[in-house]
Amino acid sequence: MATTLTLYLSANLKSSFLDTKSSFHGTPITTTTRFTPIKSTSPAISMSLTQPSCDFQSFKFQPIKESIVSREMTRRYMTDMVTYADTDVVIVGAGSAGLSCAYELSKNPSVRVAIIEQSVSPGGGAWLGGQLFSAMIVRKPAHRFLDELEIEYDEADNYVVIKHAALFTSTIMSKLLARPNVKLFNAVAAEDLIVKGGRVSGVVTNWALVSMNHDTQSCMDPNVMEAKVVVSSCGHDGPFGATGVKRLKSIGMIDSVPGMKALDMNAAEDAIVRLTREIVPGMIVTGMEVAEIDGAPRMGPTFGAMMISGQKAAHLALKALGQPNAIDGTLSLQPELVLAAAEAGDIVDA
C-alpha cells in the first residue's frame with residue numbers, strides 16, 4: 001500500500017496565497033503521456049532573403065561609464081545584504097532539496113527567503129545524473145513537481161527521465177530567483193551557526209574564498225545573518241557536506257552523526273522524506289543531510305526524494321513561522337499527496 005500524506009484544501013484559504021497549479025496541493029495529472037509544455041500562440045519568426053541583413057560589423061552598444069557598472073552591482077548587492085541581515089528563512093545549500101524548499105516557500109510572498117551557497121554555481125549534484133551521465137531519474141509520484149515546473153520528461157511505469165539533469169536545475173532556479181522575496185547569495189559560506197538560548201537563530205557567513213583560506217591569512221572575521229528559521233540542506237558528507245549537523249554535534253546540541261548507510265534506493269527515498277524535520281529548535285534538516293544524521297541508506301542517482309523533502313521542509317518552516325502550511329492542516333491540500341514508494345504501509349509523519 002502506498003505511503004500517503006492525505007491533505008484537503010481549506011475552503012477559506014485565499015487562492016492567491018499559493019500558485020494555483022502547485023504540485024504540492026495535488027493538482028491531478030490529466031495525461032499519462034509525456035508532458036508537453038504549453039506552446040506559444042505568437043506568430044513564428046521567419047527569416048527571408050528579402051529582409052535586410054544584419055550588419056554585425058557596425059553593431060554598437062549604448063555607451064556607459066565603467067563606474068556605473070560598479071555602482072549598480074555594489075548598490076544592489078549591499079542593499080540585499082542589508083535586507084536579508086535579519087530574515088524569515090535562511091536555507092544553507094542550494095542543491096536539489098534546498099532549491100525545492102526555497103521554491104515552495106517563495107510561493108508565500110510575505111516570507112523572505114535567503115539562500116546561502118558556498119559554490120559559485122548553485123545546484124549541487126543536480127547538474128548531472130549518476131557517474132557524470134546526463135539523464136535525471138525521478139521516481140513517481142515526484143513527477144508531479146516536474147509538471148508544475150513544466151519540465152519535459154520521458155515516462156515509464158514507475159519513474160520518469162529528464163533527458164538532462166540541467167533542465168531541472170536551470171528551470172527551478174529561473175522560476176525561483178525571479179520571485180521578489182528570494183535572494184541567492186552564492187560564493188558565500190555558512191561558517192557557523194548563531195545559537196541563542198538553545199535555539200538556532202541564524203548563520204555566520206563569509207565569502208567562500210575567505211573561508212577556504214583562513215589558514216593562509218591573518219584573522220578574517222565573518223558576517224552574520226539572523227533568521228527565524230534555518231534550513232540545513234548541505235548534502236551528504238564530503239568537503240562541504242553535512243556541515244549543519246556536524247556543527248550541531250560539535251557544540252553538543254545533538255549526540256551523534258552516524259553517517260549514511262550503504263545504498264538502497266527504495267528504502268532511502270522514503271526515509272529521507274519521512275525523517276525531514278526540525279532537528280533542534282530553529283533548524284530544519286532536509287535532503288541527503290538527513291541520511292547523515294539518522295544513518296539512513298544512500299539513494300544513489302534518483303532525485304524525487306530531494307524534491308519532496310525540500311517541499312516538506314518548506315511547510316515545516318511555514319509552520320514555525322505561524323503561516324498556513326500543510327503540516328498542521330492550516331493549509332490543507334488535495335487530493336492525496338503520495339510521498340513514498342509503494343509496498344509501504346505507514347502514514348508519513350511530520
Side-chain angles (χ1 to χ4, degrees), residues 19 37-95 98-99 102-103 105-107 109-124 126-128 134 149-152 164-191 203 205-213 216-218 220-227:
D19 289 355
I38 299 172
K39 295 181 179 179
S40 172
T41 56
S42 60
I45 299 175
S46 60
M47 297 186 69
S48 170
L49 294 177
T50 61
Q51 293 177 336
S53 61
C54 182
D55 184 4
F56 288 104
Q57 294 302 109
S58 61
F59 188 93
K60 289 193 178 294
F61 292 95
Q62 292 292 320
I64 193 169
K65 291 184 66 177
E66 285 80 359
S67 59
I68 292 176
V69 176
S70 178
R71 287 193 183 103
E72 283 292 346
M73 292 189 301
T74 304
R75 176 178 60 83
R76 291 169 184 267
Y77 196 90
M78 294 305 170
T79 298
D80 286 334
M81 291 185 72
V82 170
T83 300
Y84 289 93
D86 187 355
T87 192
D88 294 315
V89 182
V90 169
I91 299 172
V92 183
L99 291 174
Y103 177 84
L105 275 170
S106 69
K107 295 173 185 177
S110 68
V111 175
R112 286 181 298 132
V113 182
I115 311 169
I116 304 296
E117 170 54 49
Q118 180 148 325
S119 174
V120 171
S121 175
W127 288 109
L128 292 167
S134 301
L149 294 170
E150 298 184 317
I151 297 173
E152 190 175 354
H164 201 298
L167 285 170
F168 167 77
T169 304
S170 60
T171 300
I172 193 171
M173 280 199 296
S174 66
K175 292 178 180 290
L176 166 66
L177 297 179
R179 289 175 171 163
N181 56 330
V182 178
K183 171 62 181 179
L184 168 65
F185 295 91
N186 47 326
V188 173
E191 290 191 332
V203 293
T205 62
N206 215 327
W207 306 122
L209 291 175
V210 171
S211 292
M212 296 168 67
N213 286 279
T216 66
Q217 303 292 325
S218 59
M220 295 177 285
D221 282 335
N223 209 334
V224 296
M225 188 176 291
E226 290 189 281

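For reference, positions follow the sequence shown, starting with 1. All values derive from a computational prediction rather than experimental measurement.
Considering all non-hydrogen atoms of both residues, Ser106 and Tyr103 come closest at OG-O, 2.8 Å. The two residues Ala190 and Val203 make their nearest non-hydrogen contact at CB-CB, 4.4 Å. Heavy-atom minimum distance, Ala102 versus Ile115: CB-CD1, 3.7 Å. Taking all atoms of both residues into account, the shortest heavy-atom contact from Thr171 to Leu149 is CG2-O, 3.6 Å. Nearest heavy atoms, Tyr84 versus Met225: O-CG, 3.0 Å. Taking both residues in full, the closest heavy atoms of Ser211 and Glu191 are given as OG-OE2, 2.6 Å, listed atom of the first, atom of the second, then distance.
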Practice item. May I have the step-by-step check of side chain to side chain contact (heavy atoms under 4.5 Å, CB included) for Asp88 and Leu105, ending in yes or no? Key: CA-CA 10 Å; Asp88 294 315; Leu105 275 170; over 6 Å; no
Practice item. With side chain to side chain contact (heavy atoms under 4.5 Å, CB included) as the test, would you mind laying out the steps for Val113 and Arg179 before giving the verdict? Key: CA-CA 10 Å; Val113 182; Arg179 289 175 171 163; over 6 Å; no
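Taking the six-membered ring where the residue is Trp, Tyr77 and Trp207 present tilted rings, their angle falling between 30° and 60°.
Rounded to the nearest 0.5 angstrom, Ile91 CD1 and Ile116 CD1 are separated by 10.0 Å. Between atom CG of residue Asn206 and atom CD of residue Gln118 there is a gap of 10.0 Å, rounded to the nearest 0.5 Å. Here the CE atom belonging to Met78 is positioned 11.0 Å from the CE atom belonging to Met73, to the nearest 0.5 angstrom. The distance from the CG atom of Asn186 to the OG atom of Ser119 is 8.0 Å, given to the nearest 0.5 Å. For the atom pair OG of Ser70 and CZ of Arg75, the computed distance is 11.5 Å after rounding to the nearest 0.5 Å.
Within the 4.5 Å cutoff, side-chain heavy atoms of Leu128 are placed close to those of His164. For the pair Thr87 and Lys183, the minimum side-chain heavy-atom distance is 4.5 Å or more. Contact of the Leu184 side chain with the Pro122 side chain is registered, since non-hydrogen atoms from C-beta on lie closer than 4.5 Å.
Side-chain atoms of Asn181 come within 3.5 Å of backbone atoms of Val111 as a donor-acceptor pair (strictly under, hydrogens ignored).
Legend: residues meeting salt bridge (Lys or Arg N to Asp or Glu O under 4.0 Å) with Glu226, ordered by chain and number and at least two apart, are Lys196. Take Met220 and apply the side chain to side chain contact (heavy atoms under 4.5 Å, CB included) test, not counting sequence neighbours, and it matches Val210, His214, Gln217. Qualifying salt bridge (Lys or Arg N to Asp or Glu O under 4.0 Å) partners for Asp86, counting only residues two or more places apart in sequence or in other chains: none.
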